[in-house]
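First up is the structure itself, then whatever we jot down about it.
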Amino acid sequence: MSKHQQIASLLTELAAALQAANLWQQHRPSAQALNSSQPFCIDTLDFHQWLQFIFIEKMQIIAEQQLTLPSQLCISPIAEDAFNEQTAPEGKILAVIKQIDALFA
């Protein structure tokens, strides 16, 4: 399985984990909120919103179009701050994020 296929599969798992934790939103945040200049849109979005509307969407495009993947990726630290590892749904989100990071280590 290529790295693009692996990331696509993990993104599907991440979306499912967000849905299982009731963190998947049906309505898109405003364009202004999505265009924040702060890392992870920390000033305008919750981390799970950033995952859904920025990270997953952009990485899916990269995977589907076989574009150049980032040379490194490390979102586990902020995910650990955002989610509780002890609860099953959030623990699954963290586990998938750690697998994504590992692909780029």
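These values consider heavy atoms only, across backbone and side chains, with no hydrogens, waters or symmetry-generated copies. Here, residue 1 is the first one in the sequence, and each next residue gets the next number.
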Straight-line distance of [X] [atom1] to [Y] [atom2], nearest 0.5 Å:
{"X": "His4", "Y": "Leu103", "atom1": "NE2", "atom2": "CG", "value": "11.0 Å"}
{"X": "Ile61", "Y": "Leu11", "atom1": "CD1", "atom2": "CG", "value": "11.0 Å"}
{"X": "Leu73", "Y": "Ile7", "atom1": "CG", "atom2": "CD1", "value": "7.0 Å"}
{"X": "Leu94", "Y": "Glu90", "atom1": "CG", "atom2": "CD", "value": "7.5 Å"}
{"X": "Ile75", "Y": "Phe40", "atom1": "CD1", "atom2": "CZ", "value": "7.0 Å"}
{"X": "Leu10", "Y": "Ile97", "atom1": "CG", "atom2": "CD1", "value": "11.0 Å"}

What are the two closest non-hydrogen atoms of [X] and [Y], and how far apart are they?
{"X": "Ala8", "Y": "Ala63", "value": "CB-CB, 4.1 Å"}
{"X": "Ala33", "Y": "Thr44", "value": "O-OG1, 2.6 Å"}
{"X": "Leu34", "Y": "Ile54", "value": "O-CD1, 3.7 Å"}

Applying the 4.5 Å side-chain criterion to the ILVMFWY set and letting contacts propagate, would Leu67 and Met1 be lumped into a single cluster? no
What do you reckon, is CD of Gln38 surrounded by more than 12 foreign heavy atoms closer than 6.0 Å?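 Correct, the count exceeds 12.
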Pro29 vs Leu45 side-chain heavy atoms within contact, under 4.5 Å: yes
Provide the full list of ring pair (Phe, Tyr, Trp, His ring centres under 6.0 Å) pairs with a residue in residues 60-80, sequence neighbours left out, each pair given once. none
Strictly by side-chain hydrogen bond (donor to acceptor under 3.5 Å, both in side chains), give each pair with a member in residues 48-67 just once, sequence neighbours left out. Gln25-Gln49, Arg28-Glu57
Flag this pair as yes if the NZ/CZ of Lys3 is under 6.0 angstrom from the six-membered ring centre of Phe104 and inside a 45 degree cone about the axis; otherwise no.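 Yes - Lys3 lies over the ring of Phe104, closer than 6.0 Å to its centre and within 45° of its axis.
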Candidate pair Leu23 and Leu51, rule side-chain contact (heavy atoms from CB on, under 4.5 Å), full reasoning: CA-CA 10 Å; Leu23 294 174; Leu51 284 171; over 6 Å; no
